[in-house]
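Here is the naming used below: chain letters follow the sequence lines, and residue numbers restart at 1 for every chain.
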There are 2 protein chains.
Amino acid sequence: MPKHYEQYCPVAHALERVGERWSLLIVRELLKGPKRYTDLSAALPGIGTNVLAARLKDLEAAGVLAKRRLPPPAPAQVYELTAYGLALKNVVRELARWGLQSMPAPGNDDQLAPGWLPDALDTLFAPVAPEGSFEFRIGDEVAALVDGEVAPGPAEHPDVVLEATPAAFYFLFTERRWDGVEVEGDRELLERVLDAAAPVDATVAA
Amino acid sequence: MPKHYEQYCPVAHALERVGERWSLLIVRELLKGPKRYTDLSAALPGIGTNVLAARLKDLEAAGVLAKRRLPPPAPAQVYELTAYGLALKNVVRELARWGLQSMPAPGNDDQLAPGWLPDALDTLFAPVAPEGSFEFRIGDEVAALVDGEVAPGPAEHPDVVLEATPAAFYFLFTERRWDGVEVEGDRELLERVLDAAAPVDATVAA
DNA sequence: CCGCATCCCCAAAGATACTG
DNA sequence: CAGTATCTTTGGGGATGCGG
């Protein structure tokens with residue numbers, strides 16, 4: 001939206017920079033780390049090469065991301081967020097939290113993208129930053145939540161280990177259904193953390 | 001963007017509902033309370049009546065807002081957010097916080113919309129919810145911040161009263177410049193709160 | 001191959017006029 | 001007041017081309 005909103009308002013100002021179609025999804029991808037043009041294109045199904053190029057140019061001009069050449073051995077260039085762009089993390093997280101409320105349950109097929117679990121844990125737990133050490137094994141992903149910090153892979157000495165399918169994980173958060181959820185360790189700690197994280201209501205009309 | 005992003009991702013899901021041009025600005029307006037069609041049109045300079053009508057229809061279909069008829073004496077209908085739509089408050093606030101970082105200083109002319117001060121205080125202080133009672137008199141607006149709650153109008157027995165022009169208020173937050181800022185009461189309390197609220201850096205390229 | 005630029009087409013936004 | 005109808009303009013989707 002190169003078109004200006006003609007308002008002295010920070011929301012309008014922000015949307016003029018990252019409000020166009022695809023922009024925040026590009027930011028979402030780059031929040032996971034620098035990526036090449038082709039990887040972005042693959043991670044954003046249906047974006048169209050011209051639109052991706054245009055968005056990258058716009059976002060670079062806005063100071064949200066920067067193009068960087070990798071050192072000679074690997075002749076590739078990557079896009080990465082600037083500090084200014086990194087500050088969009090809270091925006092993306094809140095969008096995700098809101099979006100979660102009306103997400104359908106995951107199918108048992110393969111619609112989950114690799115590396116989705118750390119993102120999901122960040123979305124769910126970052127605002128509460130629970131004490132304790134947790135390990136989540138969901139589908140074929142494993143991630144840890146240690147004192148509010150999310151990391152891929154197993155935890156060192158977890159207080160609780162939770163294992164479930166993506167669908168069971170979904171229903172645990174939306175309806176507190178424990179069917180198909182296996183817990184090892186301090187189950188009460190887990191329950192307290194779930195209550196604190198509580199915001200996923202799935203109370204929607206459409 | 002009725003066009004779907006074909007991704008099982010809460011961010012994409014959210015943007016499919018409120019990611020179109022103007023949508024989040026309409027939500028921003030309705031966060032201040034129910035509004036009539038004409039008031040929305042006036043608050044959104046340049047929106048065009050057809051686009052506004054289309055967005056309202058889309059947002060209503062998505063369950064974000066609802067159309068309500070006021071009781072007979074006043075033959076008017078208003079649009080108001082549903083609980084689902086109200087949950088967008090955090091999204092709008094984070095967008096505002098990010099947008100603030102690259103906002104230019106307010107001109108001394110009249111670009112501020114009436115009622116802007118409570119919104120600004122919410123954006124700046126809601127995440128830290130400072131203890132204490134503050135009264136802000138900026139330009140011709142007055143608002144109170146009492147134990148983290150923002151309200152229009154003066155405070156009852158404020159610990160601090162801050163008076164400034166919009167521009168001085170801006171530079172106080174961006175560069176900690178106290179020129180043109182008048183403080184009555186517990187100035188140290190105010191300084192501590194400012195340090196806590198700290199996020200407005202104005203460190204931008206473009 | 002990767003990293004785009006070009007071209008064409010259609011859907012959506014802008015602007016304005018008009019109506020129940 | 002609260003929209004609809006119509007027209008123009010802009011921007012996105014899709015395919016293809018092309019230099020390094």
Side-chain angles (χ1 to χ4, degrees), chain A residues 1-7 12 15-30 33-62 64-80, chain B residues 1-7 12 15-27 29-30 33-62 65-80:
Chain A
M1 313 170 182
K3 206 65 178 305
H4 278 207
Y5 283 115
E6 309 294 351
Q7 280 192 83
L15 289 174
E16 283 168 10
R17 275 150 193 79
V18 295
E20 297 177 86
R21 189 160 160 78
W22 296 108
S23 290
L24 279 174
L25 293 183
I26 293 173
V27 170
R28 179 203 65 185
E29 283 307 309
L30 293 183
K35 280 209 167 58
R36 291 180 306 170
Y37 185 93
T38 313
D39 297 332
L40 283 172
S41 185
L44 271 12
I47 190 178
T49 67
N50 54 345
V51 178
L52 177 55
R55 288 295 169 277
L56 289 172
K57 198 167 294 183
D58 294 345
L59 291 172
E60 187 177 7
V64 171
L65 54 81
K67 201 186 302 190
R68 185 161 56 98
R69 262 181 197 294
L70 290 186
Q77 61 183 330
V78 293
Y79 293 89
E80 64 184 346
Chain B
M1 316 168 182
K3 205 69 178 304
H4 277 209
Y5 283 116
E6 309 297 350
Q7 281 193 82
L15 290 173
E16 283 168 10
R17 275 149 192 79
V18 295
E20 297 177 86
R21 189 160 160 78
W22 296 109
S23 289
L24 279 173
L25 293 183
I26 293 173
V27 170
E29 283 307 310
L30 293 182
K35 280 210 166 60
R36 292 180 305 171
Y37 186 93
T38 313
D39 298 331
L40 283 172
S41 185
L44 271 12
I47 190 179
T49 67
N50 52 351
V51 177
L52 177 55
R55 288 293 167 278
L56 289 173
K57 199 167 294 185
D58 294 344
L59 291 172
E60 187 177 7
L65 55 80
K67 201 186 302 190
R68 183 162 57 99
R69 270 189 186 290
L70 292 185
Q77 59 185 328
V78 293
Y79 293 89
E80 64 184 345

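Rounding to whole angstrom units, CZ of residue Arg36(A) and P of dC1(C) are separated by 13 Å. Going from atom CG of Leu44(A) over to atom C1' of dG14(D) covers 16 Å, rounded to whole Å. Rounding to whole angstrom units, CD1 of residue Ile47(B) and P of dG14(C) are separated by 8 Å. One interatomic measurement links the two molecules: CD of Gln77(B) to P of dG3(D), which rounds to 4 Å at whole-angstrom precision.
Taking Glu60(A) as the reference, nothing meets the side-chain hydrogen bond (donor to acceptor under 3.5 Å, both in side chains) condition, with sequence neighbours excluded. Glu80(A) is linked by a side-chain hydrogen bond (donor to acceptor under 3.5 Å, both in side chains) to Arg68(A), counting only residues two or more places apart in sequence or in another chain. Glu6(A) pairs by the side chain to side chain contact (heavy atoms under 4.5 Å, CB included) definition with His4(A), not counting sequence neighbours.
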For residues 41-54 of chain A, dump all side-chain donor-acceptor pairs below 3.5 Å to protein atoms at least two apart in sequence or in another chain.
none

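Just one residue in the list Leu15(B), Leu59(B), Asp58(B), Ile26(B) forms a side-chain contact (heavy atoms from CB on, under 4.5 Å) with Glu20(B), and that residue is Asp58(B).
For Arg21(A), the listed nucleotide lying nearest its side chain is dG12(D); candidates were dG12(D), dA13(C), dG3(C).
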Listed pairs, N/O of protein and of nucleotides 4-10 of chain D, under 3.5 Å:
| residue | atom | partner | partner atom | Å |
| --- | --- | --- | --- | --- |
| dT4(D) | O4 | Thr49(B) | OG1 | 2.6 |

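Note on residues 37-52 of chain B: pairs passing salt bridge (charged side-chain N to carboxylate O under 4.0 Å, His left out), not counting sequence neighbours, are Arg36(B)-Asp39(B).
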Pairing annotation in dot-bracket form, given for DNA chain C with Watson-Crick or G-U pairs under 3.5 Å and | for cross-strand partners | |||||||||||||||||||.
